[in-house]
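The structure appears right after this line, and notes come after that.
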Amino acid sequence: MSAIPQQLHLRTDYNLTLAALGAETPAPAKIMALKQISSNKCFNGFQKVFEHDSVELKCKMKFGIYLPPKAESGKCAVLYWLSGLTCTEQNFITKAGFHQAAAEHGLIIVAPDTSPRGCNIEGEDESWDFGTGAGFYVDATEEPWKTNYRTYSYIKDELPKLINANFPTDPERMSIFGHSMGGHGALILALKNPGKYKSVSAFAPICNPIQCPWGKKAFGGYLGSDLSKWEAYDATHLVKSYPDSHLDILIDQGKDDQFLSAGQLLPDNFIAACTEQKIPVVFRLQQGYDHSYFFIATFVNDHIRHHAKYLNA
């Protein structure tokens, strides 16, 4: 094989991929926006990882995207996955075992990283539960975090625009789910943006962050001391003012989850608020399961079916 410059090779491969998927070849600006890192055939679709320069986060970001076989012939609904503390885009795509269900239901699944990386902010790598790998899906308002740590706006606006511009998606059919910190992110994004997502679900979500140690540390650092800013990113608080009941929430929680017993997740507070507001929520306490990806892999097909019911309706 002749020596082909890596970037040129990636762009050529990306064009061929889009052509194979039946999508129009994007303009050069869009091609330059994405750099393919990996591609693996899986259940007759493709699990890919891309890197891009994020406007919101002002750093390079990676995301995983699974393109099901259906994407070869038409547009697909998109399901966004938000991972938890310390995770990258790799955890879900390598551990969750979701590909077969995604292929069967014809869903594109996007799994972004959990925070900006390599921003050279003092203290960003000092804690496992704050800074790198712990963006908490908020837009920071405090120095030195507010320039880069804007993961809420990244997930809500920038990433979907990028995905819709470059892949065969149906922008009107979008849902969201996640785990732990990412479960918190999925819930707040759905609750803060009524109608944007067709459905929402979560595994062991941080349901009431203003009341738990993880949330107090993150919100204090990113949002400062104004508790009204904290409440704007707390699912238990947000559900109390959700405008209608048209949101069917599914939550799975392991009964032997060490973070449940440590008071980090507080699902009871969220369930009580949903009940009061008559918001439909299915909460399943799963006997013997912990906080790990073994738990996620066991029930992820249930969650994909939950979303497919709304996305493919």
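Keep in mind that this is a model prediction, so the values were computed, not measured.
- Put simply, the side chain of Pro209 reaches to within 4.5 Å of the side chain of Asp234, judged on heavy atoms.
- Nearest heavy-atom pair across Gly135 and Thr151 is O-OG1, 3.3 Å.
- For His306 and Ser201, the side-chain atoms include no donor-acceptor pair closer than 3.5 Å.
- For Asn164, the side chain to side chain donor-acceptor pair (under 3.5 Å) test picks out Thr169, with sequence neighbours left out.
- Classification of the His291-His179 ring pair by plane angle, with boundaries at 30° and 60°, yields tilted.
- Judged as a ring-ring contact (aromatic ring centres under 6.0 Å, His included), and not counting sequence neighbours, the contacts of His307 are Phe177.
- With Thr114 contributing its side chain and Cys87 its backbone, the two residues share a donor-acceptor pair below 3.5 Å.
- Partners of Phe299 according to the ring-ring contact (aromatic ring centres under 6.0 Å, His included) rule, which considers only residues two or more places apart in sequence or in another chain, are Tyr289, Phe295.
- Residues Ile109 and Phe43 are members of one and the same hydrophobic cluster, defined by side-chain heavy-atom contacts under 4.5 angstrom among Ile, Leu, Val, Met, Phe, Trp and Tyr.
- Contacts of Phe294 classified as ring-ring contact (aromatic ring centres under 6.0 Å, His included), with partners at least two apart in sequence or in another chain: none.
- Summarising the geometry of Asp256 relative to Gly288, their closest heavy-atom pair is OD2-CA, 3.4 Å, with the distance given to 0.1 Å.
- At most 12 non-hydrogen atoms from other residues, nucleotides or ligands lie less than 6.0 angstrom from NZ of Lys161.
- Inter-residue side-chain proximity for Val282 and Asp302 is flagged as unmet; no heavy-atom pair is nearer than 4.5 Å.
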For this session: Assess whether side chain to side chain contact (heavy atoms under 4.5 Å, CB included) is satisfied between Leu189 and Leu187, documenting all intermediate values.
Result: CA-CA 6 Å; Leu189 277 148; Leu187 291 174; over 6 Å; no

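- A salt bridge is absent between Lys229 and Asp226: the closest approach of a Lys/Arg side-chain nitrogen to an acidic carboxylate oxygen does not fall below 4.0 angstrom.
- Between the Gln277 side chain and the Lys240 main chain, a donor and an acceptor come within less than 3.5 Å of each other.
- Geometrically, Lys48 does not engage Phe167 in a cation-pi contact defined by less than 6.0 Å to the ring centre and at most 45° from the axis.
- Looking at every heavy atom in both residues, Leu57 comes nearest to Glu158 through N-OE1, 4.5 Å.
- For Tyr137, there are no ring-ring contact (aromatic ring centres under 6.0 Å, His included) partners at least two apart in sequence or on another chain.
- Without hydrogens or angle criteria, Glu51 side chain to Ile37 main chain gives no donor-acceptor distance under 3.5 Å.
- Counting heavy atoms of neighbouring residues, nucleotides and ligands inside a 6.0 Å radius, atom NZ of Lys58 exceeds 12 of them.
- Pairs engaging residues 61-70 under the side-chain hydrogen bond (donor to acceptor under 3.5 Å, both in side chains) rule: none recorded [sequence neighbours left out].
- Between the side chains of His105 and Asn312, no donor N or O sits under 3.5 Å from an acceptor N or O.
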For this session: Take Tyr154 and Ser54 through the test side chain to side chain contact (heavy atoms under 4.5 Å, CB included) and record every step on the way to the result.
Result: CA-CA 8 Å; Tyr154 174 71; Ser54 169; 3.6 Å; yes

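- Environment of CD in Glu143: crowded, with over 12 heavy atoms of neighbouring residues, nucleotides or ligands closer than 6.0 Å.
- Ring centroid separation for the pair Phe98 and Trp81 does not come in under the 6.0 Å cut-off.
- Between Phe136 and Tyr222, the ring planes are tilted. Angles from 30° to 60° get that label.
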